[in-house]
Number of protein chains: 2
Amino acid sequence: MAATILLVEDEPGIQELVKFNLAQGGHAVMCADSAEQAVGMVRDTLPDLVLLDWMLPGMSGIELAKKFRADTRMKHVPIIMLTARGDERDKVLGLETGADDYITKPFSPRELSARIKAVLRRRAPQMTEDKVEIRGLSLDPVSHRVTGDGTPVELGPTEFRLLHFMMTHPERVYSRAQLLDHVWGDHVFVEERTVDVHIRRLRLALEPTRHENLIDTVRGAGYRLSTQPA
Amino acid sequence: MAATILLVEDEPGIQELVKFNLAQGGHAVMCADSAEQAVGMVRDTLPDLVLLDWMLPGMSGIELAKKFRADTRMKHVPIIMLTARGDERDKVLGLETGADDYITKPFSPRELSARIKAVLRRRAPQMTEDKVEIRGLSLDPVSHRVTGDGTPVELGPTEFRLLHFMMTHPERVYSRAQLLDHVWGDHVFVEERTVDVHIRRLRLALEPTRHENLIDTVRGAGYRLSTQPA
DNA sequence: CAAGCTTATGACAAAACTGTGACAGCCGAT
DNA sequence: ATCGGCTGTCACAGTTTTGTCATAAGCTTG
């Protein structure tokens, strides 16, 4: 649960306070007072999480966030925005820009640590190069091979990435939008319904090995790869 | 903005003072002079906020706070600690324990009401993604699964949100209007009676696992999810 | 016990979602 | 240039979910 966190905040008071609280929570904290400094530190140390103040001298928080999202290496670093209270517009902008969450000041330490925990947990299982196996269906990212109980399964590139993602994040519901982000890439302009179609193609491809109901439809929410047979 | 506040404080002088100030702010105030009494009152009336003096005869403030956090029903009640001036150690302990904020004595009425306002303001969005379990009925927001004593329960999207909300706010009566706000969203135009129908559907869905009377009807007031079997 | 309210139910029709099959555009291989 | 594999979109069909009603029940009060 301990993580390396970069705090980007120019007000010394708040910086100290947050730093103190994070340290209490067992996290390693680095601080940056400016956007420029922040970019360098992120690129350099690749922290587990960035706490980003909305208002910064020079570059604004949103621009900074965009910068992160544009860089391949920093793209996946979770960002929590610290915004002044109740500015709905900022909130929306922030989330659109790619912040993972936001907290409005003033915030309680408890809230802060709760959000941090949530974000870190959400990011938890990274897609690795390791083989995954669930319910007899195994997928090997390296050889790019999928077999259901021994017999090979034919998949297209997108289907493969989709299955890979879902197998590395089982028992978790993902909305179509989230799946688009994770499997297609954040920037693409694709209809959400496209996900449905690919899910179906995936199911069809899995049918020969009886794994067609590996992926559940969660009405009104999205899809979920379940570890337990229905 | 008016709220029900429980003040836990043994010094009569301070108690009176704070009580007066809170009343001025339009809040309903209850008082407890001892930790034991406080536990009972919180469990009983579920205040919107607890002002907790650090130094109490008998159980210390920190123990009391822990007790609150451990109980499902009281888990979400915000706590503001009242500490003697400048005791850093207490401050740390208090925040670790789960206090939402702390105020060092002596404090001005203005500071007090400012803190209260801040805490109450952020009380609302507390939908976490933690699993909830009550009376053998468990709900997991992440996997979007609900099981009653092991066997799965089928719920529609609205029923799911409704149950989630009520399980995270047990032992508390919510009017139809409040439920509409929290579960449907503030802006929607829906008849209040609609809530009745969804409560019924929820009860029907829970019937197979014998959890149909998890939700009590409070005549003239609304509904309540009870932790105690009838 | 009857009147006056407040809830519980069963039935519906509209609205919202998903599952499907078909299609046209791309692109690399032939 | 042609063929075949992938993809992103649609339009349509099949279901599920939802908001309301009208009506039956259930409580409270006098």
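Since the model is a prediction, treat every value here as computed from it, not as a measurement. In what follows, chains carry the letters A, B, and so on, assigned in the order in which the sequence lines appear, proteins first and then strands, with residues in each chain numbered from 1.
A:Arg176 has its CZ atom 9 Å from the P atom of C:dC17, to the nearest Å. Between B:Leu206 atom CG and C:dA8 atom C1' the separation is 16 Å, expressed in whole Å. Rounded to an integer number of Å, the gap from B:Asp216 CG to D:dC27 P is 13 Å. Atoms CG (B:Leu180) and C1' (D:dG19) sit 11 Å apart, rounded to a whole Å. To the nearest angstrom, P of C:dT7 lies 12 Å from CG of B:Leu179. In this structure, B:Arg224 places its CZ atom 13 Å from P of C:dT7, rounding to the nearest Å. Between the P atom of D:dG8 and the CG atom of A:Leu162 lies a distance of 11 Å, rounded to the nearest Å. Spacing between atom CD1 of B:Ile215 and atom C1' of C:dA8 amounts to 14 Å, rounded to whole angstrom units.
Contact of the A:Met166 side chain with the A:Ile199 side chain is registered, since non-hydrogen atoms from C-beta on lie closer than 4.5 Å.
Contacts with DNA chain D (heavy atom under 4.0 Å) in residues 192-202 of chain A: A:Thr194, A:Val197, A:His198, A:Arg201, listed by number. Looking at residues 207-214 of chain A, you'll see that no heavy atom sits under 4.0 Å from any atom of DNA chain C.
At the heavy-atom level, B:Phe160 lies nowhere under 4.0 Å from the strands shown.
Of the possible polar contacts, one joining the A:Ser226 side chain to the A:Gln228 backbone as a donor-acceptor pair under 3.5 Å is found. One N or O on the side chain of B:Asp48 and one on the backbone of B:Thr4 form a donor-acceptor pair closer than 3.5 Å. With hydrogens and angles ignored, the 3.5 Å screen pairs no side-chain donor or acceptor of B:His144 with any backbone N or O of B:Val142. A donor-acceptor pair under 3.5 Å links the side-chain atoms of A:Glu171 to the main chain of A:Thr227, judged by distance alone. B:His169 contributes a side-chain N or O that, together with a main-chain N or O of B:Phe165, makes up a donor-acceptor pair within less than 3.5 Å.
Contact annotation: A:Trp184 side-chain N/O to D:dT7 OP1/OP2 distance is not under 4.0 Å. A close approach under 4.0 Å does occur between a side-chain nitrogen or oxygen of A:Tyr223 and OP1 or OP2 of C:dG19. Residue B:Thr158 has a polar side-chain atom (N or O) positioned under 4.0 Å from OP1 or OP2 of D:dT18.
Here the rule is salt bridge (Lys or Arg N to Asp or Glu O under 4.0 Å) with A:Asp216, and of A:Arg172, A:Arg203, A:Arg224 only A:Arg224 fits it.
Comparing D:dG26, D:dT9, C:dT18 against the side chain of B:Arg219 picks out D:dG26 as the nearest. Distances from the side chain of B:Glu159 to the nucleotides D:dG8, D:dT18, D:dT7 place D:dT18 closest.
A salt bridge is defined here as a Lys NZ or Arg NE, NH1 or NH2 lying under 4.0 Å from an Asp or Glu carboxylate O, and A:Asp140 with A:Arg145 fails to meet this definition.
Aromatic ring pairs are classed by plane angle as parallel below 30°, tilted from 30° to 60° and perpendicular above 60°; the pair A:Tyr174 and A:His182 is perpendicular.
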